[in-house]
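Below you'll find the structure, written out as structure tokens, and then a few comments.
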Amino acid sequence: EDQVTQSPEALRLQEGESSSLNCSYTVSGLRGLFWYRQDPGKGPEFLFTLYSAGEEKEKERLKATLTKKESFLHITAPKPEDSATYLCAVGSGGYQKVTFGTGTKLQVIP
Amino acid sequence: DTGVSQNPRHKITKRGQNVTFRCDPISEHNRLYWYRQTLGQGPEFLTYFQNEAQLEKSRLLSDRFSAERPKGSFSTLEIQRTEQGDSAMYLCASSFPLGGWNEQFFGPGTRLTVL
């Protein structure tokens, strides 16, 4: 069964203090690894899909990278509006089921 | 607004009552998913439709849960004889097969509270 582990569970950063979130995964045949952002009381907002090891994608202050066992979400010079829970998810095999991790709750302090 | 919409946004019910939620996906998306999310957890997959066909169901989906997508457009999720353990956020997502593999776009969710 697919497994996704995210660390840390919570992260508190000063505005401008860059850091990385980790997503470790175990799947049989990775089809895609997804990053989502979720604000309190709202549905997840799609950020990135990574398909193969070595792939990188960027959006504003966020950069996602992928290896064969884990993915990192790098946040450069974060702002308070980046505060949210960041979810990692994987899809595998021929199925449409996507397995989510429990998320990293990021707080950026002004 | 052309995103995924869900109704109602909040539902409070008493144990034993039946509830029904509605999801309207993005119009050109033919794939629709239901998830359940509890506090501090990631979304858990419940079921998946391609057009009107329900193709996958999680073991989490007990016989008290039923989902339909009668015309391949909107979908409903019904929970019969609700229990306190059903309290959660119910999320709907949709995707389009010609986009990136299974890139799902979520609605705002329906928060269910069972008293």
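Proteins come first, then strands; the chains are lettered A, B, ... in the order of their sequence lines, and each starts at number 1.
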Open item on the list: Please identify, among B:Arg111, B:Gln50, B:Met89, B:Gln37, the residue contributing the most non-hydrogen atom pairs under 4.5 Å to chain A.
Closed with: B:Gln37
- [ ] Could you go through the side chain to side chain donor-acceptor pair (under 3.5 Å) check for B:Gln104 and B:Tyr35 one step at a time?
- [x] CA-CA 12 Å; B:Gln104 298 180 23; B:Tyr35 291 84; 2.7 Å; yes
Task: Option that, when pairs with chain A are counted at under 4.5 Å, heavy atom only, ranks first among B:Ala93, B:Cys92, B:Gly42 - done: B:Gly42
Open item on the list: Has A:Thr104 got a side-chain atom pairing as donor or acceptor with A:Pro8's backbone, closer than 3.5 angstrom?
Closed with: yes
Task: Contacting region of A:Glu45 [heavy-atom separation from chain B under 4.5 Å] - done: neither
Open item on the list: Does atom CD (A:Glu17) have a neighbourhood of more than 12 heavy atoms from anything else shown, all under 6.0 Å?
Closed with: yes
- [ ] Using a cut-off of under 4.5 Å on heavy-atom pairs, state which of A:Lys105, A:Gln38, A:Lys42 scores highest against chain B.
- [x] A:Gln38
Open item on the list: Can you tell whether the side chains of B:Arg59 and A:Glu1 come within less than 4.0 Å, N to carboxylate O?
Closed with: yes
